[in-house]
Amino acid sequence: MAKMNFGGVEENVVTREEYPLAKALDTLKNETIAVIGYGVQGPGQSLNLRDNGFNVIVGQRKGSKSWDKVVADGWVPGETLFEIEEAAQRGTIIEYLLSDAGQISVWPQIKRHLTPGKALYFSHGFGITYKERTGIVPPADVDVILVAPKGSGTSLRRMFLQGRGLNSSYAIFQDATGKAWDRVISLGIGVGSGYLFETTFKREVYSDLTGERGTLMGAIQGLFAAQYDVLRQNGHTPSEAFNETIEELSQSLMPLISENGMDWMYANCSTTAQRGALDWWKKFRDAARPVFEELYTEVANGNEAQRSIDTNSQPDYRTKLEAELKELRETEMWQAGAVVRKLRPENN
């Protein structure tokens with residue numbers, strides 16, 4: 001584990017160089033990793049672990065929508081694919097990758113198979129951090145660990161197949177065996193992390209919920225919609241409004257920021273763009289900061305978690321979700337986006 005300096009603050013970081021795949025495989029050579037759930041993170045993590053040579057099985061409800069997908073991905077019923085409880089019984093490490101609402105519902109089935117010495121693994125700190133609300137309280141004689149890839153399971157898998165890695169955070173909530181650190185780092189390397197940075201369950205879920213509702217999804221959609229609407233109201237066409245709001249950002253500027261940082265991107269834009277960006281960014285920061293402060297408070301006091309639990313546990317949640325996504329998909333902005341994407345050179 002190395003100490004890395006991030007803007008003057010030292011953090012613990014683990015890289016593939018100091019903890020190579022061969023070491024991870026040796027650490028977990030006698031372990032059976034049971035991946036429970038095949039939704040957002042399950043496919044990417046389980047397939048990457050399997051391709052890296054770990055002993056992996058998948059637990060999924062037979063007859064569920066995901067069962068056929070699991071089989072199509074090469075998991076064999078009775079050999080590497082089992083009902084949830086049987087997989088949990090067989091596994092020495094249980095990767096609990098159901099949705100937050102799903103984890104609450106299935107917890108009694110998982111808990112009865114958490115025998116001494118096993119490890120319970122999460123990719124989100126929700127269930128443990130809000131345990132008073134979720135009821136997820138692991139027994140004291142198991143390791144409780146976390147690896148949270150900083151991206152979707154689809155991105156994790158895609159980058160793995162490209163020979164790249166997606167950065168992940170790691171945390172240890174409970175070290176019952178004395179092996180929790182080696183277990184969590186081995187799993188982090190195994191699922192395809194580029195590097196691993198240390199956190200806690202609480203910090204992970206607070207930052208994750210804030211990020212999802214903020215710059216990663218909620219805030220950025222709000223900014224997109226506001227700018228697009230202003231351009232359209234002032235006579236700009238849908239294609240022009242979309243290109244100036246989203247296409248140029250996602251296709252041209254974000255890769256530059258990713259490669260070299262915001263200052264480098266500014267320095268490689270026109271002087272007019274530089275001046276405007278430097279003059280206006282603090283106005284946007286000052287306007288948005290109160291919203292982010294309200295958001296973080298709602299996350300920290302558990303209100304945001306409770307809203308998620310209450311909403312996502314409703315029997316008609318999927319129907320309502322599809323209606324909300326349909327409303328978003330059918331806005332003029334994203335209808336224009338569908339046309340613009342078809343016009344990209346790689347799609348012609």
Notebook entry, point to check: Mind checking whether Trp107 and Tyr96 have parallel, tilted or perpendicular rings, split at 30° and 60°?
Noted result: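 If you compare the ring of Trp107 with that of Tyr96, the planes turn out tilted.
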When you group the ILVMFWY residues by side-chain heavy-atom contacts below 4.5 Å and let the links chain together, are [Y] and [X] in the same group?
X      : Y      : result
Val76  : Val70  : no
Ile33  : Val144 : no
Leu21  : Val191 : yes
Val299 : Phe201 : no
Ile128 : Val137 : no

Please check this pair: side chain of [X] against backbone of [Y], looking for a donor-acceptor N/O pair closer than 3.5 Å.
X      : Y      : result
Thr92  : Thr32  : yes
Asp143 : Lys179 : no
Ser66  : Lys69  : no
Asp175 : Trp181 : no
Gln335 : Arg329 : yes
Glu198 : Glu11  : no
Gln45  : Gly153 : no
Asn167 : Lys150 : no
Glu86  : Gly78  : no
Thr210 : Ser207 : no

Output the distance between atom [atom1] ([X]) and atom [atom2] ([Y]), rounded to the nearest 0.5 Å.
X      : Y      : atom1 : atom2 : value
Met265 : Met262 : CE    : CE    : 5.0 Å
His236 : Glu244 : NE2   : CD    : 8.5 Å
Ile36  : Glu85  : CD1   : CD    : 10.0 Å
Leu47  : Arg157 : CG    : CZ    : 4.5 Å
Leu321 : Glu324 : CG    : CD    : 6.5 Å
Leu249 : Gln227 : CG    : CD    : 9.5 Å

Checklist line | Other cluster members, Leu216 - Ile/Leu/Val/Met/Phe/Trp/Tyr, side-chain contacts below 4.5 Å | finding: Met217
Checklist line | Residues clustered with Val230, ILVMFWY side-chain links under 4.5 angstrom | finding: none
Heavy-atom closest contact ([X] atom, [Y] atom, distance):
X      : Y      : answer
Leu166 : Ser152 : CD2-O, 4.2 Å
His113 : Lys118 : O-NZ, 3.0 Å
Asp73  : Arg50  : O-NH2, 2.9 Å
Ser46  : Val35  : CB-CG2, 3.9 Å
Ser123 : Pro149 : OG-CD, 4.1 Å
Tyr317 : Asn312 : CE1-OD1, 3.1 Å

Next item on the list: For the pair Arg213 and Glu298, evaluate salt bridge (Lys or Arg N to Asp or Glu O under 4.0 Å) and give the outcome as yes or no after the intermediate values.
Entry: CA-CA 11 Å; Arg213 286 146 182 78; Glu298 288 295 283; over 6 Å; no
Margin query: Assess, by modelled atom type and distance only, whether the side chains of Asp229 and Gln233 contain a donor and an acceptor separated by less than 3.5 Å.
Written below: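 On atom types as modelled, these side chains do not qualify, holding no pair under 3.5 Å.
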Checklist line | Those residues that, when tested against Phe54, pass ring-ring contact (aromatic ring centres under 6.0 Å, His included) (two or more places apart) | finding: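 None.
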Next item on the list: With sequence neighbours left out, write down each residue that passes ring-ring contact (aromatic ring centres under 6.0 Å, His included) with Tyr206, or none if nothing qualifies.
Entry: Tyr296
Kindly indicate whether the side chain of [X], heavy atoms from C-beta on, has any atom under 4.5 Å from the side chain of [Y].
X      : Y      : answer
Ser64  : Tyr38  : no
Arg275 : Thr271 : no
Ile189 : Lys23  : no
Val184 : Leu146 : no
Met333 : Arg232 : no
Asp100 : Tyr130 : no
Val205 : His124 : yes
Ser193 : Val14  : no

Looking at [X], I want to see if its [atom1] is surrounded by more than 12 non-hydrogen atoms of other residues, nucleotides or ligands under 6.0 Å.
X      : atom1 : value
Glu327 : CD    : no
Lys111 : NZ    : yes
Arg61  : CZ    : no
Glu294 : CD    : no

Next item on the list: Evaluate the side chain to side chain contact (heavy atoms under 4.5 Å, CB included) criterion for residues Leu187 and Tyr170: first the C-alpha distance (whole Å), next the side-chain angles of each, then the deciding distance (0.1 Å), finally the verdict.
Entry: CA-CA 10 Å; Leu187 289 162; Tyr170 75 92; over 6 Å; no
Check: Partners of Glu212 by salt bridge (Lys or Arg N to Asp or Glu O under 4.0 Å), sequence neighbours excluded?
Finding: none
Checklist line | side chain to side chain donor-acceptor pair (under 3.5 Å) evaluation trace for Glu204 with Thr199 | finding: CA-CA 6 Å; Glu204 190 283 329; Thr199 188; over 6 Å; no
Margin query: I'd like to check the side chain to side chain donor-acceptor pair (under 3.5 Å) partners of Tyr19; sequence neighbours left out, ordered by chain and number.
Written below: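 Only Thr27, Asp182, Ser186 meet the side chain to side chain donor-acceptor pair (under 3.5 Å) criterion with Tyr19.
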Next item on the list: For the pair Arg318 and Glu322, find out whether any cationic side-chain nitrogen is under 4.0 Å from an anionic carboxylate oxygen.
Entry: no
Item checked: salt bridge (Lys or Arg N to Asp or Glu O under 4.0 Å) evaluation trace for Arg289 with Glu293 -> CA-CA 6 Å; Arg289 179 153 186 156; Glu293 289 174 343; 3.0 Å; yes
Checklist line | Residues Phe126, Ile136; criterion side chain to side chain contact (heavy atoms under 4.5 Å, CB included); working and verdict | finding: CA-CA 10 Å; Phe126 191 100; Ile136 297 176; over 6 Å; no
Check: Run the side chain to side chain contact (heavy atoms under 4.5 Å, CB included) check on Met254 and Ile257 step by step: do they pass?
Finding: CA-CA 5 Å; Met254 288 305 293; Ile257 297 169; 3.8 Å; yes
